[in-house]
Amino acid sequence: MATNITWHENLTHDERKELTKQGGVTVWLTGLSASGKSTIGCALEQSLLQRGNNAYRLDGDNIRFGLNKDLGFSEDDRNENIRRISEVSKLFADSCSVAITSFISPYREERRKARELHNKDGLPFVEVYVDVPIEIAEQRDPKGLYKKAREGIIKEFTGISAPYEAPENPELHVHTDKQTVEESAKIIIDYLLEKKLIK
């Protein structure tokens with residue numbers, strides 16, 4: 001742990017809200033690989049920006065090219081991956097942006113920690129369970145990962161050889177085998193509007 005460091009006070013979140021005319025929130029998309037998280041995240045980001053809302057998408061694969069390129073896929077590394085993203089998304093939310101995270105984030109405990117991190121600073125956290133039957137996810141398999149996992153080439157693959165713990169009480173639950181990308185994004189935007197998290 002770092003020593004000899006000092007926290008420097010910034011503007012408060014309320015002061016930022018007043019200046020930017022927008023509050024911040026993290027929309028946490030969780031679900032199996034190929035459930036549609038990234039696709040929904042892209043559509044949501046575009047829709048929000050077109051509405052004039054400041055938004056930014058943090059994508060699981062993209063983050064591993066930079067911030068988290070030193071991490072693998074062991075349980076410890078997956079947990080550290082989510083810890084870092086929890087901190088980054090909280091910073092985006094505090095800056096009065098809509099932070100959209102698209103991560104499998106398979107463990108309930110790590111998602112709970114992400115929520116608590118936001119809660120302690122009074123920042124809204126909206127968990128969205130992007131649900132799809134694993135059979136459909138395997139049929140989609142855009143990256144060929146399920147096939148490799150079934151063949152034993154990829155170890156510790158969520159839903160096959162590693163667990164996915166579905167959310168028990170998410171704010172929103174979308175079913176991408178029944179709802180289109182556009183419908184799923186609209187459900188999220190409607191919720192944000194209803195809760196007055198965006199204008």
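Note that these values count all heavy atoms, side chains included, but never hydrogens, waters or copies made by symmetry. We count residues from 1, following the sequence as given.
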Sub-4.5 Å side-chain heavy-atom contact between [X] and [Y]:
{"X": "Pro106", "Y": "Arg78", "answer": "yes"}
{"X": "Val98", "Y": "Val27", "answer": "yes"}
{"X": "Glu127", "Y": "Leu172", "answer": "no"}
{"X": "Glu80", "Y": "Arg83", "answer": "yes"}
{"X": "Glu183", "Y": "Val174", "answer": "no"}
{"X": "Thr26", "Y": "Val126", "answer": "no"}
{"X": "Leu48", "Y": "Ile189", "answer": "yes"}
{"X": "Asp77", "Y": "Ser74", "answer": "yes"}

Selection residues 189-199 - residue pairs positive for salt bridge (Lys or Arg N to Asp or Glu O under 4.0 Å), sequence neighbours left out: Lys186-Asp190
Trace of the side chain to side chain contact (heavy atoms under 4.5 Å, CB included) decision for Asp177 with Glu135: CA-CA 10 Å; Asp177 57 325; Glu135 301 79 24; over 6 Å; no
Would a single hydrophobic cluster contain both [Y] and [X], if residues Ile, Leu, Val, Met, Phe, Trp and Tyr are joined by side-chain heavy-atom contacts under 4.5 Å?
{"X": "Ile104", "Y": "Val130", "result": "no"}
{"X": "Val128", "Y": "Leu44", "result": "yes"}
{"X": "Leu197", "Y": "Leu123", "result": "no"}

Is a side-chain N or O of Tyr146 found less than 3.5 angstrom from the main chain of Ser33, in a donor-acceptor match? yes
Okay, side chain of Ser102, backbone of Asp59: is any donor-acceptor separation there less than 3.5 Å? no
Smallest separation among heavy atoms of [X] and [Y], with atom names:
{"X": "Tyr107", "Y": "Pro163", "result": "CE2-CG, 3.8 Å"}
{"X": "Arg111", "Y": "Pro167", "result": "NH2-N, 3.3 Å"}
{"X": "Val181", "Y": "Ile40", "result": "CG1-CA, 4.2 Å"}
{"X": "Ala99", "Y": "Ala93", "result": "CB-N, 4.4 Å"}
{"X": "Ile187", "Y": "Gln179", "result": "CD1-NE2, 3.5 Å"}
{"X": "His118", "Y": "Ala114", "result": "ND1-O, 2.8 Å"}

Mind checking the [atom1]-[atom2] spacing from [X] to [Y]? Nearest 0.5 Å is all I need.
{"X": "Thr176", "Y": "Lys37", "atom1": "OG1", "atom2": "NZ", "result": "9.0 Å"}
{"X": "Lys90", "Y": "Ser95", "atom1": "NZ", "atom2": "OG", "result": "12.0 Å"}
{"X": "Ser184", "Y": "His173", "atom1": "OG", "atom2": "NE2", "result": "10.5 Å"}
{"X": "Lys147", "Y": "Phe157", "atom1": "NZ", "atom2": "CZ", "result": "13.5 Å"}
{"X": "Asp94", "Y": "Ser89", "atom1": "CG", "atom2": "OG", "result": "11.0 Å"}
{"X": "Glu45", "Y": "Ile100", "atom1": "CD", "atom2": "CD1", "result": "5.5 Å"}

Could you go step by step and tell me if Arg112 and Glu116 meet the salt bridge (Lys or Arg N to Asp or Glu O under 4.0 Å) rule? CA-CA 6 Å; Arg112 182 191 65 77; Glu116 283 186 355; 2.4 Å; yes
Is Arg64 positioned over the aromatic face of Phe73, cation under 6.0 angstrom from the ring centre and no more than 45 degrees off axis? yes
Pair Ile134, Tyr164 - check side chain to side chain contact (heavy atoms under 4.5 Å, CB included), show working. CA-CA 11 Å; Ile134 192 157; Tyr164 177 77; over 6 Å; no
Should Lys155 and Ser161 be marked as a side chain to side chain contact (heavy atoms under 4.5 Å, CB included) after you check the CA-CA gap, both sets of side-chain angles, and the distance that decides it? CA-CA 7 Å; Lys155 311 294 184 192; Ser161 49; 5.5 Å; no
Would Arg150 and Glu138 count as a side chain to side chain contact (heavy atoms under 4.5 Å, CB included) here? Give the steps. CA-CA 10 Å; Arg150 290 290 186 195; Glu138 286 200 65; 2.6 Å; yes
Do the charged groups of Lys148 and Glu151 touch, with an N to O distance under 4.0 Å?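 No, no charged N to carboxylate O under 4.0 Å.
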Heavy-atom count check: over 12 atoms from other residues, nucleotides or ligands less than 6.0 Å from Asn169 CG? no
Please test Glu87 against Arg84 for salt bridge (Lys or Arg N to Asp or Glu O under 4.0 Å), starting from the C-alpha separation and ending with a verdict. CA-CA 5 Å; Glu87 293 283 358; Arg84 292 181 193 178; over 6 Å; no
Tracing side-chain links under 4.5 Å among I, L, V, M, F, W and Y, which residues wind up in one group with Tyr56? Trp28, Leu58, Ile63, Leu67, Ile82, Ile85, Val88, Phe92, Phe103, Phe125
